[in-house]
Amino acid sequence: MKIFVFGCSFSSFHSGMCGFGKSWVHRLAKDNPEHHIYDASLGGAGNDSILHRLMLLEKNYGEPNKIIVQLTNPNRISILLDKKFWKEGISFATKDNLTYHGDNRHHISHIQGSFFVESVQQRKIRIKLAKHMDLPEDLLIKYFGAYLPHYDNVVKTQMAIDLLNRLYGKKNVLFFAWHDLSNYNSWKFVDIPTNYIGSVQDRFKEDNKFYNLGTDISPHYGSKGHKAVYKWLKEKIDHMIIEEQFS
């Protein structure tokens, strides 16, 4: 069975000092050697890029049997800087029953809240993007400040959810989020599907566990946190896999 997984940095082994083989996605692969897991979690990626990553995986590996999606804030956008990323996308590698990528993003830019942070790293990103778009940096900041919360990004999230469910059927797709949807005003405009199982934040709300497990304030998780997330997800994922085997 082929299982595609989509998420942002919260699900990526590249983030949160987690390490290869220790993210909840990679633990899923270790627990299910008879199935092949395709990890397309990409740090900074928004819901608007889920369908593009699906297209890249299908093009290279065929259609999946099951899909797991960690949804993120709808107010994120991905900008393809040239046709190379559209055509070639992410470079994947395979180890045993796990296919993953190297987090290479030379031809794509993810715009999110951190884009506006006054740090050396974010300034470099803004300067690079401003040069690519031939716009002054201050105008770029004003534009994205107005566009990110725009309803257009809500529509892109809804499109990703609806298309995945229509293409593969709700019984074959599982959605969850890292943060509670109530944290973001834009989620109130999205029709939450019945195959959405909740958020990590809500699951770990007792004793402030959600933030205590973090390696930073976001919070991204290390090995311990990902192990806890996987323990929560495992029952739901196992149920989805078992349904396929007996259908």
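Position 1 is the first residue of the sequence; numbering continues from there. Note that the structure is a prediction, hence the values are computed from the model and not measured.
Checking E34 against N97 by side-chain atom types alone, no donor-acceptor pair falls below 3.5 Å. No donor-acceptor contact under 3.5 angstrom links the side chains of S109 and R126, judged on distance only. Side chain to side chain, H220 and D216 meet the donor-acceptor criterion of an N or O pair below 3.5 Å.
A donor-acceptor pair under 3.5 Å is formed between the side chain of N60 and the backbone N or O of L56. Listed for the S49 side chain is a donor-acceptor partner under 3.5 Å among the backbone atoms of G46. Put simply, the side chain of H36 never gets that close to the backbone of I3: no donor and acceptor are under 3.5 Å apart. Between the side chain of N153 and the backbone N or O of P74, no donor-acceptor pair lies under 3.5 Å. K236 places no side-chain N or O within donor-acceptor distance of the main-chain N or O of I197, the cut-off being under 3.5 Å. In terms of modelled atom types and a separation under 3.5 Å, the side chain of N212 and the main chain of D207 share a donor-acceptor contact. Panel note: side chain K66, backbone L174; no donor-acceptor pair is recorded below 3.5 Å. Side-chain N or O atoms of Y221 include one that pairs as donor or acceptor with a backbone N or O of F210 at under 3.5 Å. Of the possible donor and acceptor atoms, one in the side chain of S119 sits under 3.5 Å from a partner among the backbone N and O of Q122. No donor-acceptor pair under 3.5 Å is formed between the side chain of H14 and the backbone N or O of G19.
Of all heavy-atom pairs between N165 and P193, the closest is ND2-CB, 3.7 Å. T194 approaches K170 most closely through the heavy-atom pair OG1-NZ, 3.3 Å. A pairwise comparison of heavy atoms in S23 and C18 identifies N-SG, 3.3 Å as the closest pair. Closest non-hydrogen pair, R27 versus S223, comes out as NH2-OG, 2.8 Å. Here the closest non-hydrogen pair linking S11 and S41 is CB-OG, 3.4 Å. The shortest non-hydrogen separation linking T72 to A45 is CG2-O, 3.6 Å.
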Could you walk me through whether L57 and F6 pass the side-chain contact (heavy atoms from CB on, under 4.5 Å) test, one step at a time? CA-CA 11 Å; L57 285 179; F6 304 98; 3.9 Å; yes

Go through the steps to decide whether I108 and L81 satisfy the test side-chain contact (heavy atoms from CB on, under 4.5 Å), and finish with yes or no. CA-CA 5 Å; I108 189 171; L81 301 180; 5.7 Å; no

Derivation and outcome, side-chain contact (heavy atoms from CB on, under 4.5 Å), residues V200 and F204: CA-CA 6 Å; V200 175; F204 296 157; 3.5 Å; yes

Quick one: do N183 and Q201 satisfy side chain to side chain donor-acceptor pair (under 3.5 Å)? Show the steps, please. CA-CA 10 Å; N183 291 350; Q201 184 172 15; 2.8 Å; yes

Can Y168 and N65 be said to form a side chain to side chain donor-acceptor pair (under 3.5 Å), step by step? CA-CA 8 Å; Y168 290 99; N65 301 96; over 6 Å; no

Step by step, would you call S78 with R53 a side chain to side chain donor-acceptor pair (under 3.5 Å)? CA-CA 11 Å; S78 301; R53 284 177 278 165; over 6 Å; no

For H35 and I241, what are the C-alpha separation, side-chain angles and deciding distance, and is it a side-chain contact (heavy atoms from CB on, under 4.5 Å)? CA-CA 10 Å; H35 304 307; I241 292 174; 3.5 Å; yes

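The structure places NE2 of H239 at 12.5 Å from CD1 of I237, a figure rounded to the nearest 0.5 Å. Distance OG1/T215 to NZ/K224: 12.5 Å, rounded to 0.5 Å. Expressed to the nearest 0.5 Å, how far CG of L98 lies from CG of L28 amounts to 9.5 Å. Interatomic distance, M240 CE to E235 CD, rounded to the nearest 0.5 Å: 13.0 Å. A distance of 13.0 Å separates CG of D180 from CZ of R203, quoted to the nearest 0.5 Å. Atoms NE2 and CG, from H101 and D39 in turn, are 5.5 Å apart once rounded to the nearest 0.5 Å.
Every residue meeting the side chain to side chain donor-acceptor pair (under 3.5 Å) condition with N75, not counting sequence neighbours, appears here in chain and number order: S186.
Applying the 6.0 Å contact sphere to NZ of K22 captures no more than 12 heavy atoms from other residues, nucleotides or ligands. Surrounding CE of M55 are more than 12 heavy atoms belonging to other residues, nucleotides or ligands, all under 6.0 Å away.
Looking only at side-chain heavy atoms (C-beta outward), I50 and L71 come within less than 4.5 Å of each other. Using a 4.5 Å cut-off on side-chain heavy atoms (C-beta onward), F175 and I192 make no contact. Proximity of N185 to K188: side-chain heavy atoms (C-beta onward) are separated by under 4.5 Å at one or more points. Between F176 and I68, some side-chain heavy-atom pair lies under the 4.5 Å cut-off. Counting heavy atoms from C-beta on, the side chains of N47 and K156 never come closer than 4.5 Å. Residues F4 and V69 fail the side-chain proximity criterion, which asks for heavy atoms closer than 4.5 Å. Taking the side chain as every heavy atom from C-beta outward, W86 and H52 approach each other to under 4.5 Å. Between H26 and I37, every side-chain heavy-atom pair lies at or beyond the 4.5 Å cut-off.
Linking ILVMFWY residues whenever their side-chain heavy atoms come closer than 4.5 Å, directly or via other members, places Y211 and W232 in the same cluster. I127 and M133 sit in two unconnected hydrophobic clusters of ILVMFWY residues. Membership requires side-chain heavy atoms under 4.5 Å apart, directly or through other members. L140 and V117 end up in different hydrophobic clusters when Ile, Leu, Val, Met, Phe, Trp and Tyr side chains are linked at under 4.5 Å. Linking Ile, Leu, Val, Met, Phe, Trp and Tyr whenever their side-chain heavy atoms come within less than 4.5 Å puts L181 and Y151 in one cluster.
If you look at F10 and W24, their ring centroids are not closer than 6.0 Å. Aromatic ring centres of F144 and F115 lie closer together than 6.0 Å. For Y61 and Y38, the distance between ring centers is under 6.0 angstrom.
By the 30° and 60° cut-offs, the orientation of the rings of H226 relative to W178 is tilted. The aromatic rings of Y147 and H150 lie parallel to each other, their planes meeting at an angle below 30°, with 60° marking the opposite boundary.
Salt bridge absent: K142 and E137 never bring a charged side-chain N and a carboxylate O closer than 4.0 Å.
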